[in-house]
Amino acid sequence: MTSPAQARSSIDPAEVARFSAIAAEWWDPKGKFAPLHRFNPVRLSFIREQALYRFQRDGTARRPFDGLRLLDIGCGGGLLSEPMHRLGFEVVGVDASERNIGTAAAHAAELGLEIDYRASTAEDLLAAGEAPFDVILNMEVIEHVADPGEYLRSCARLLAPGGLMIVATLNRTLKAFALAKVGAEYVLRWLPVGTHDWSKFLKPKELRGFLEGEAVAVDGPFGVVFDPLSGRWSQSGDADVNYMMTVVREAA
């Protein structure tokens, strides 16, 4: 029998299976996740600057976020969880794929990093009464779930009062279809064919709509673009392809 929490799950089993099949490659900077390794610096910079501003922390401190609790939902192999731990956060990394969690936990153990990795979902955390988080990282996950609205609301409800969630995804535009789908998967072969389904890309207004009625303030989009000459990603006013949004829960 399916439990109520499982019945509400937004997880897409086909997507979980696709990423589980290549779980061993998460930490290979030249492997199938090479695009995420290249993408990581701009993501880390944005997360750090937003959290410093939100929680008024000292950016010169070695561990500026000591005492804050962070959820990395859809953490994969831990590419964001590990640097967040080093910045002082108490990190919980959650992924629906047990293979991804195994890879993440093994890598952290090799480095002596204490990160709480769990094979679970946002809905299950919420149903179990998980303590709220000061920061939630929701990075390149929502375009892979079956019910993005339910998923995003579940994540938002895991935020502590005054807490910050950062959502990164892809815009459903023709430009994104040309670059992120056709270009990245079929022409440049940066990603395995089938990694993305363009119909599941989301417009910023749709993300806002999912959170209507929730006690949160949504800001963005904040665009991110790739420079093929330098091979680097940077923040931009262009949100036609990759973008991020911030979600802040009302203070108590």
Side-chain angles (χ1 to χ4, degrees), residues 10-12 15 35-36 38-54 70-76 80 121-123 126 133-159 162-185 190-191 195-227 232-250:
S10 62
I11 294 303
D12 184 333
E15 293 282 3
L36 275 183
R38 289 194 293 267
F39 199 29
N40 237 18
V42 71
R43 298 197 301 175
L44 292 170
S45 176
F46 184 82
I47 293 164
R48 188 176 184 276
E49 71 181 36
Q50 290 291 326
L52 285 173
Y53 174 77
R54 180 66 200 160
L70 179 144
L71 171 64
D72 184 4
I73 189 74
C75 64
L80 287 173
T121 66
E123 292 89 347
L126 193 62
F133 296 90
D134 301 293
V135 176
I136 297 177
L137 302 184
N138 200 330
M139 313 298 280
E140 293 80 40
V141 177
I142 194 169
E143 69 271 19
H144 297 288
V145 304
D147 186 340
E150 178 67 21
Y151 167 75
L152 193 61
R153 286 186 291 274
S154 293
C155 291
R157 291 166 188 169
L158 287 165
L159 275 176
L164 166 71
M165 176 165 64
I166 297 175
V167 183
T169 191
L170 290 149
N171 206 341
R172 196 174 64 257
T173 62
L174 291 178
K175 184 175 177 180
F177 179 78
L179 297 179
K181 179 62 182 177
V182 177
E185 295 183 19
W190 283 353
L191 299 169
T195 296
H196 289 118
D197 177 348
W198 180 79
S199 68
K200 295 172 77 172
F201 291 5
L202 293 159
K203 294 180 177 293
K205 67 180 181 181
E206 291 173 321
L207 292 186
R208 291 179 182 276
F210 293 150
L211 294 172
E212 282 185 4
E214 297 290 322
V216 297
V218 183
D219 198 13
F222 305 93
V224 183
V225 297
F226 180 72
D227 181 353
R232 295 177 180 174
W233 291 86
S234 61
Q235 292 184 49
S236 166
D238 181 355
D240 288 345
V241 182
N242 293 82
Y243 69 93
M244 293 181 276
M245 306 277 281
T246 61
V247 179
V248 175
R249 179 159 289 285
E250 291 180 358

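Residues: numbered from 1 along the sequence shown.
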Open item on the list: Please report the interatomic distance CG(Asp219) to CE(Met245), rounded to the nearest 0.5 Å.
Closed with: 7.5 Å
Side-chain donor-acceptor pairs of residues 44-53 under 3.5 Å, sequence neighbours excluded:
from: Arg48; atom 1: NH2; to: Gly59; atom 2: O; distance (Å): 2.5

- [ ] Considering non-hydrogen atoms only, spot the tightest contact between Leu211 and Ala156 and give its length.
- [x] CD2-CB, 3.9 Å
Task: Considering all heavy atoms, the nearest Met165-Asn138 contact - done: SD-ND2, 3.7 Å
TODO: Mind running side-chain contact (heavy atoms from CB on, under 4.5 Å) on Leu164 and Thr246 for me, showing each step along the way?
DONE: CA-CA 7 Å; Leu164 166 71; Thr246 61; 4.0 Å; yes
Open item on the list: Would you compute the distance between atom CG of Leu170 and atom CG of Asn242 and round it to the nearest 0.5 angstrom?
Closed with: 4.5 Å
TODO: Check Leu70 against Phe133 and note the closest heavy-atom contact, atom names and distance.
DONE: C-CD2, 3.6 Å
TODO: Please report the shortest heavy-atom distance between Met139 and Arg43, naming the atom on each side.
DONE: CB-NH1, 3.6 Å
Task: Minimal non-hydrogen separation, Asn171 against Ala239, with atom names - done: ND2-O, 3.0 Å
Open item on the list: How long is the straight-line distance from CG of Leu174 back to CG of Asp240, given to the nearest 0.5 Å?
Closed with: 10.0 Å
- [ ] Any chance you could measure Glu140, atom CD, to Met244, atom CE, to the nearest 0.5 Å?
- [x] 8.0 Å
- [ ] Using the side-chain contact (heavy atoms from CB on, under 4.5 Å) rule, take Thr169 and Tyr243 through it: C-alpha gap first, then chi angles, then the decisive distance, then the call.
- [x] CA-CA 6 Å; Thr169 191; Tyr243 69 93; 3.4 Å; yes
Task: Residues Val218, Leu207; criterion side-chain contact (heavy atoms from CB on, under 4.5 Å); working and verdict - done: CA-CA 9 Å; Val218 183; Leu207 292 186; 5.9 Å; no
TODO: Go through the steps to decide whether Cys75 and Leu80 satisfy the test side-chain contact (heavy atoms from CB on, under 4.5 Å), and finish with yes or no.
DONE: CA-CA 7 Å; Cys75 64; Leu80 287 173; over 6 Å; no
- [ ] Check whether any side-chain heavy atom of Asp227 lies under 4.5 Å from a side-chain heavy atom of Arg232, and answer yes or no.
- [x] no
TODO: For residues Pro148 and Leu202, report the shortest heavy-atom separation together with the two atoms involved.
DONE: CB-CD1, 4.1 Å
TODO: Output yes when a side-chain donor or acceptor of Arg153 lies under 3.5 Å from a complementary backbone atom of Phe210, and no otherwise.
DONE: yes
- [ ] Could you grab the distance from atom OH of Tyr151 to atom CD of Glu123, nearest 0.5 Å is fine?
- [x] 8.5 Å
Open item on the list: Measuring only between side-chain heavy atoms, which start at C-beta, is Lys203 closer than 4.5 Å to Thr173?
Closed with: yes
TODO: Verify, without hydrogens or angle tests, whether Arg157 (side chain) and Glu214 (backbone) share a donor-acceptor contact under 3.5 angstrom.
DONE: no
Open item on the list: If I take atom CD1 from residue Ile73 and atom CD1 from residue Ile136, how far apart are they, to the nearest 0.5 angstrom?
Closed with: 8.0 Å
